[in-house]
Amino acid sequence: MMSSKVQERDLIVSKIKDGIVIDHIPAGRALIVLRVLKLKGGEGRVALVMNADSRRLGRKDIVKIEGKELSNDELNLVSLIAPTATINIIRDYSVIKKFQVKLPETVKGVVKCRNPKCITNQPREDAVPTFRVLHLDQPILQCQYCGTYLTIDDINAQLTGER
Ligand code: CTP
């Protein structure tokens, strides 16, 4: 039953049968969420809803993914750029699991170190950029190889191609 207006508005994109709905993404972040999850359009069906009405956030984005499995570790990466996001696992049209994304302990292979001398930036080396997540006022990433810090702004800029 579609009782509330919010649900009717969400249906600009239909409900999915089986897959993952990432809800409560801050408005404007849906495309960055796809980049963090490395969804480049090659696999699965993906639907985006941008600027949906949200009681909690005012406006929110929603990403719906069918036909591609993602682990909890992969999904938790979303917390770096969308800390308010909720993950809904859908089976046969029902939400069978719902959880709030939480910061992972490490982030591997998603963003690059900004130190050009870091071993992870040497083409001849096979070092995958790996960062420890430090919880300060905001989360900060620290390169496991050279100790360089990346802020959330650095991560956003890299993933949106602004740097
Ligand atoms: N959804 C979907 N396909 C389904 C079931 C749900 O796309 N078969 C979407 C809904 O449109 C919503 C999200 O998954 O965006 C969560 O669904 P639900 O838990 O039913 O909504 P709410 O109760 O509004 O969620 P919350 O309390 O987390 O705000």
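Note that the structure is predicted; figures quoted are calculated from it, not measured. Read the numbers this way: they start at 1 and go in the same order the structure lists the ligands and their atoms. Worth knowing before you read on, the calculation uses all heavy atoms, side chains too, and leaves out hydrogens, waters and symmetry mates.
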For Ile90, the atoms of ligand 1 under 4.0 Å from one of its heavy atoms are 4 (C), 5 (C), 6 (C), 8 (N)
Out of Val49, Val21, Asp92, the nearest non-hydrogen contact to atom 1 (N) of ligand 1 is supplied by Val21
In ligand 1, the atoms that come under 4.0 Å of a heavy atom of Tyr93 are 4 (C), 5 (C), 8 (N)
Requested in this report: Decide whether the shortest distance between a heavy atom of His24 and an atom of ligand 1 is less than 4.0 Å.
Outcome: yes
Short version for Lys64: what comes under 4.0 Å of ligand 1, heavy atoms counted, is side chain
- Output, in order, the C-alpha distance, side-chain angles, deciding distance and verdict of side chain to side chain donor-acceptor pair (under 3.5 Å) for Asp154 and Thr151. CA-CA 5 Å; Asp154 292 327; Thr151 65; 3.3 Å; yes
Using a 4.5 Å side-chain heavy-atom cut-off and chaining through intermediate ILVMFWY residues, the residues clustered with Leu136 come out as Leu134, Ile140, Tyr149
The answer for which part of Arg56 has a heavy atom under 4.0 Å from ligand 1 is neither
Applying side-chain contact (heavy atoms from CB on, under 4.5 Å) to Ile119 and not counting sequence neighbours gives Glu125, Ala127, Tyr145
**Message:** Can you see whether Lys98 engages Asn88 through a side-chain donor-acceptor pair at a distance of less than 3.5 angstrom?
**Reply:** yes
With heavy atoms and a 4.0 Å threshold, my read on which part of Ile16 contacts ligand 1 is both
- Query: Do any N/O atoms on Asp23 end up under 3.5 angstrom from N/O atoms on ligand 1?
  - Reply: yes
If we number the atoms of ligand 1 from 1 as shown, the ones under 4.0 Å from a heavy atom of Lys15 are 2 (C), 3 (N), 4 (C), 5 (C), 7 (O), 8 (N)
Atoms of ligand 1 under 4.0 Å from any heavy atom of Lys98, numbered from 1 in the order shown, are 16 (C), 18 (P), 19 (O), 25 (O), 26 (P), 27 (O), 28 (O)
Query raised in the report: Counting distance only, does the side-chain N/O of Arg29 pair as donor-acceptor with the main-chain N or O of Ile81 below 3.5 Å?
Result: yes
Of all heavy-atom pairs linking Val63 and Ile65, the shortest is CG1-CG1, 3.9 Å
Heavy-atom nearest pair, Lys108 first then Thr130, reads CG-OG1, 3.5 Å
